Amino acid sequence: MGHIIEPSSGRLGILTSHLSPHHQRSSMASEKEAALAAVPSDSPTIFDKIINKEIPSNVVYEDDKVLAFRDIAPQAPTHILIIPKVKDGLTGLSKAEERHCEILGQLLYTAKLVAKQEGLEDGFRVVINDGPKGCQSVYHIHVHLIGGRQMNWPPG
Ligand code: 5GP
């Protein structure tokens, strides 16, 4: 059974949640640069350190399988990353095999739970970036839950 964690329980989210639109645009550009610089690999990533609490994060939901925490460079008022605690080869969605169906479902179901927790009744967006062209920068599968403003289409 998962448990909800108070949104204000960490510091990083508070520090980064008030970035100006200018800073948000800059971080979009640097996200792309980070994605193009990232080397796809099955090695441990920064997310393992977040799971192990070796580096701080603003956790909003946690259970035995899944961790959800605020993105350090939010692209919207609500921007949360949902990750499996055990990667099991799932560096990205393109590496999914049938055995991963359960954890993939849990990631999406957690997105729904956290969206409700965050009060995103009017809608939200779920994104999974994959590979360099998909702008993936961290090779530990993660779902972005983004909301709190009007989204646009097509995405960039
Ligand atoms: P990707 O670009 O791979 O789809 O998403 C990776 C996300 O991880 C980015 O949005 C980036 O801002 C976020 N991120 C990278 N390092 C950290 C970190 O140390 N803490 C947190 N909370 N988010 C991070």
Side-chain angles (χ1 to χ4, degrees), residues 2-63 65-96 100 103-104 106-108 110-111 113-115 117-118 120 124-149 151-156:
H3 57 281
I4 301 301
I5 294 162
E6 281 298 309
S8 58
S9 64
R11 282 171 300 162
L12 284 176
I14 294 167
L15 287 172
T16 57
S17 63
H18 301 295
L19 289 176
S20 68
H22 168 76
H23 282 108
Q24 290 193 8
R25 273 196 300 277
S26 301
S27 83
M28 281 166 74
S30 60
E31 271 305 303
K32 185 175 165 191
E33 284 160 19
L36 292 175
V39 180
S41 123
D42 199 15
S43 305
T45 72
I46 189 115
F47 289 175
D48 292 285
K49 292 196 162 93
I50 288 174
I51 292 165
N52 297 329
K53 312 278 161 61
E54 290 166 39
I55 64 169
S57 69
N58 192 337
V59 173
V60 297
Y61 176 91
E62 180 167 16
D63 63 26
K65 302 260 170 59
V66 166
L67 184 72
F69 54 97
R70 292 186 195 280
D71 197 293
I72 202 169
Q75 304 302 319
T78 299
H79 187 168
I80 290 164
L81 301 173
I82 303 157
I83 67 174
K85 287 188 169 173
V86 176
K87 184 164 63 175
D88 184 26
L90 261 184
T91 53
L93 187 59
S94 57
K95 297 293 186 293
H100 296 123
I103 192 65
L104 289 170
Q106 280 165 335
L107 294 177
L108 284 182
T110 302
L113 290 180
V114 175
Q117 180 186 324
E118 293 287 312
L120 302 177
F124 55 86
R125 182 170 287 171
V126 159
V127 172
I128 300 176
N129 295 327
D130 191 278
K133 286 208 168 161
C135 231
Q136 183 176 6
S137 60
V138 179
Y139 282 82
H140 180 134
I141 195 168
H142 49 282
V143 169
H144 294 258
L145 170 66
I146 302 167
R149 65 167 168 80
M151 297 297 147
N152 300 304
W153 196 261

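Every value quoted in this text rests on a predicted model; they were computed, and no experiment measured them. Heads up: numbering here begins at 1 and tracks the sequence. In listed order, ligands and their atoms are each counted from 1.
Within the listing of ligand 1, atoms 1 (P), 2 (O), 4 (O) sit less than 4.0 angstrom from a heavy atom of Cys135. With ligand atoms numbered from 1 in the order given, ligand 1 contributes 21 (C), 22 (N) to contacts under 4.0 Å with heavy atoms of Phe69. Residue-ligand proximity, Ala73 to ligand 1, at heavy-atom distances under 4.0 Å covers atoms 12 (O). Interface atoms of ligand 1 facing Ile46, defined by a heavy-atom separation under 4.0 Å, are 19 (O). The atoms of ligand 1 that sit less than 4.0 Å from any heavy atom of Gln136 are 3 (O). Of all atoms in ligand 1, numbered sequentially from 1 with element shown, those under 4.0 Å from a heavy atom of His142 are 1 (P), 3 (O), 4 (O), 5 (O), 6 (C).
For His142 and His140, the distance between ring centers is not under 6.0 angstrom. For an aromatic pair to be called close, the ring centres must be under 6.0 Å apart, and Phe47 with Phe69 satisfies this.
At a 4.0 Å cut-off, not a single heavy atom of Ala35 sits close enough to ligand 1 to count as contact. Ligand 1 lies less than 4.0 angstrom from a heavy atom belonging to Phe47.
Contact check for Pro84 versus Leu107: side-chain heavy atoms found under the 4.5 Å cut-off. Counting heavy atoms from C-beta outward, Arg125 and Val127 have side chains that approach closer than 4.5 Å.
Counting heavy atoms of neighbouring residues, nucleotides and ligands inside a 6.0 Å radius, atom NZ of Lys53 exceeds 12 of them. Shown here is Lys85, whose NZ atom has more than 12 heavy atoms of other residues, nucleotides or ligands within 6.0 Å.
Using a 4.0 Å cut-off between heavy atoms, Ile50 contacts ligand 1 through its side chain alone, with no backbone atom that close. In Ile72, the parts holding a heavy atom less than 4.0 Å from any atom of ligand 1 are both the side chain and the backbone. Proximity of Val127 to ligand 1, defined as any heavy-atom pair under 4.0 Å, is not found for any part of the residue. Of all the heavy atoms of Ser57, none lies under 4.0 Å from any atom of ligand 1, so neither backbone nor side chain is involved. Here Ala34 has no heavy atoms under 4.0 Å from ligand 1, in either its backbone or its side chain.
Residue-to-ligand polar distances place His144 within reach of ligand 1: an N/O pair is separated by less than 3.5 Å. Some N or O of Ser137 is nearer than 3.5 Å to an N or O of ligand 1, by distance alone. The shortest N/O to N/O separation between Val138 and ligand 1 falls below 3.5 Å.
Asn129 and Cys135 get closest at one heavy-atom pair: ND2-O, 3.7 Å.
Using modelled atom types, one side-chain atom of His79 and one backbone atom of Gln75 make a donor-acceptor pair closer than 3.5 Å.
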Between His144 and Ile82, does a side chain to side chain contact (heavy atoms under 4.5 Å, CB included) hold up when you go through it step by step?
CA-CA 7 Å; His144 294 258; Ile82 303 157; over 6 Å; no

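Side-chain contact annotation: Ser94 with Asp130, donor-acceptor N/O pair under 3.5 Å present.
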